[in-house]
Amino acid sequence: MFYSDWVLALTLPPITSVFILGVICGALALLILGLLLFVAFTPMEKISRYESENATSWEERKQKASTLISTVRAPMVSALTFSSQCCTLGFSVALHTIRFGFSIGTLLIIGSTHLTSHIPRANATVRFIAEVVGYAEMITVSVVSLNSTLTHVGLQTTLQALHLGEHMSIPGILSLLTSTGFWGSFSHSTLNALSETKDLFANEVSPLTKELNLLKLNEAIKRAKETELKDEAKRDEERLLDSSMSSTPPLTAKEQKNLTLHIRFSLGTYGEKGLKFLGILPYGSATNNNEAFLRLTNIQSSLDIISTDFEGSLYSPGYVLSVDRDSKSIILAVRGTIWPHDFLTDLICVDESLEGGGSAHSGMWKSALNLTEKVKSTIYNLLSRKKYEDYKLTLTGHSLGAGVAALIVYIWSHPERYPNLSLPSSMLKNLHCYGYGCPAILTSDLANSLTNKVTSVLIGNDMVPRFSLRSFREMRDRVLNELVGSRGEGEEEEYTTSVNMPVLLPAGKIVWIDDSSEDNHVFYREPKDFDTMNMCSCSFEAHMPQNYFLKMNEKVEKGFYASTSDDTLEERRSPTFFG
């Protein structure tokens, strides 16, 4: 890539000239087309206040505009085609040139860090400059890529409109372009996901808009919160009387070790810039994604990172497949939500029926299927090697990653239902998943069936494990019922739209950290305890990856809890930058 950037950079002057010429041609063509459409569709009274009785009618003006556009269609198509090709070439060269320039700058800065290694202050300054350059590259490339996409969309949309003009009227073309939106900028699956999200949002929010009165809505929300507080207090009293909560045994040393180890692998998938932005890694500690992952997990060799995809795509989250020789594990770490396509995956939260009964979070289920297909052969080849025959297979992840990892364990636990995605049973005898902030992904029976294979760590009032389409509707219906009750118009039918919906819950054995207590006490909980989302108590801040990292490492510093077994807690090597 470096040498190809260098070659393209040498051809920059002539290509830049062609690029500018193409932009000028495209701009002129778009300007002419815009003027024609303006003349055709601007109401006559806006153009002139003094028109005679024999002025050209609206239909005649449209006909003349259509005839004029038909006359100039051929040269305009040629100009726009030329402009599109020039812009494609120009933006491609621009991106390669930008990357080339930043590559040179990064190499010089890295060299400077070695030269200044004996001068701490100068070395720190150089490392800070390296961080600034890295973020400048990311922002510049993103802006140029966005401009390239918008330019491509504009030119291609206009070209398609001109082609359609041979078969459709101008109003018909405009209606079609309005309905299709950004033509060609999204893949078919992304367009489908956007459409599903739009429909879902419209269905869930439309009842609120029908009752919308800001003052009444605010009062209804206050009353709904008061009701929630009373219900929450009642549930707290029930929990105190529940022996399963009060007599929870401390975590074993083995569980402590595994939970504090795998949080590092799960968060390592966020990449170099993500980890620095979240405050998990200090600036200047790593220069690329692999180095950041090694730094956080303390894996000794980059050769132990087998496969990576830090960006991912729709229904295919980022991941890192690595070998941890200390714990003798093959670890598949799945990244949480960070890119726009990850948010789309999260929002496709309708329930999807599974073979054998039960339901799953639709977006995450599709992601689990895709990721399993992507990594299955690599994992099989690894575990088939003699040196890895006694290694265990472990999955981990935070947020979206925790949900997808747990669903992959479900898939591998049912080879009879998913034979094309399964692994030999001998490779899965020690299969386990450690999830952090696992979303609501499975119905109750399926969530509980993974108790022996999935451990989910949840902190306090983390909103994500409690959020599902059903829990959102219950919260929405509480507000709607308060609004309906405030009318005083006699008996009104209550909103109960969530009654027949399946309840999705976080999967496996739940290790709940009570962050409201001074010592952050830990309890085992059941998935059913997380079936309700309240406006008063739920917090998205508790779900942030740095919060999970902080809480888990606080437990390491304080010794976690006394073990109830004879296992000894082995000390995991800690990075020099942490506590």
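Predicted, not measured: the structure shown is a model, and the values here were computed from it.
A side-chain donor from one of Lys453 and Ser413 sits under 3.5 Å from a side-chain acceptor of the other. Defined by atom type and a distance below 3.5 Å, a donor-acceptor pair is missing between the side-chain atoms of Ser456 and Lys509. Judged by distance alone, the side chains of Ser307 and Tyr319 do bring a donor and an acceptor atom under 3.5 Å apart. Tyr548 and Asp462 share a donor-acceptor pair across their side chains, judged by distance under 3.5 Å alone. Using modelled atom types, one finds no donor on one side chain facing an acceptor on the other under 3.5 Å when comparing Arg385 with Tyr391.
Between the side chain of Asn370 and the main chain of Ser367, no donor-acceptor pair closer than 3.5 Å is present. At distances below 3.5 Å, not a single donor-acceptor pair connects side-chain atoms of His543 with backbone N or O atoms of Pro465. Using modelled atom types, one side-chain atom of Ser539 and one backbone atom of Ala542 make a donor-acceptor pair closer than 3.5 Å. When atom types are taken as modelled, the side chain of Arg335 and the backbone of Pro317 share no donor-acceptor pair closer than 3.5 angstrom. For Ser316 (side chain) and Gly312 (main-chain N/O), no donor-acceptor pair under 3.5 Å exists by modelled atom type. Not a single donor-acceptor pair under 3.5 Å links the side chain of Lys392 to the backbone N or O of Lys429.
Looking at heavy atoms from C-beta onward, Pro439 lies out of side-chain contact with Phe467 at the 4.5 angstrom threshold. Side-chain contact check for Thr443 versus Val503: every heavy-atom pair is 4.5 Å or farther apart. Contact check for Glu352 versus His361: no side-chain heavy atoms found under the 4.5 Å cut-off. Counting heavy atoms from C-beta outward, Ile306 and Val323 have side chains that approach closer than 4.5 Å. Taking 4.5 Å as the limit, every side-chain heavy atom of Thr308 sits out of range of all side-chain heavy atoms of Asn289.
Heavy-atom minimum distance, Ser399 versus Thr337: OG-OG1, 4.3 Å.
How far CG of Leu458 is from CG of Asp515: 11.5 Å, rounded to the nearest 0.5 Å. In this structure, CE in Met501 is found 7.5 Å from CZ in Arg470, a value given to the nearest 0.5 Å. Leu469 contributes atom CG, which lies 7.5 Å from atom CG of Asp351 (distance to the nearest 0.5 angstrom). Taken to the nearest 0.5 Å, the CG atom of Asn288 stands 6.0 Å off from the CG atom of Asn290.
The neighbour count for Glu541 CD, taken as heavy atoms of other residues, nucleotides or ligands under 6.0 Å away, does not exceed 12. The local environment of CD in Glu373 is sparse, with at most 12 non-hydrogen atoms from other residues, nucleotides or ligands closer than 6.0 Å. Heavy atoms of other residues, nucleotides or ligands lying less than 6.0 angstrom from NZ of Lys528 number 12 at most.
Here Tyr434 and His432 bring their ring centres to under 6.0 angstrom of each other. Taking the six-membered ring for Trp and the full ring otherwise, Tyr436 and His398 have centroids separated by 6.0 Å or more. For His414 and Tyr418, the ring centers are positioned 6.0 Å apart or more.
Salt bridge present: Asp390 and Lys328 bring a charged side-chain N and a carboxylate O closer than 4.0 Å.
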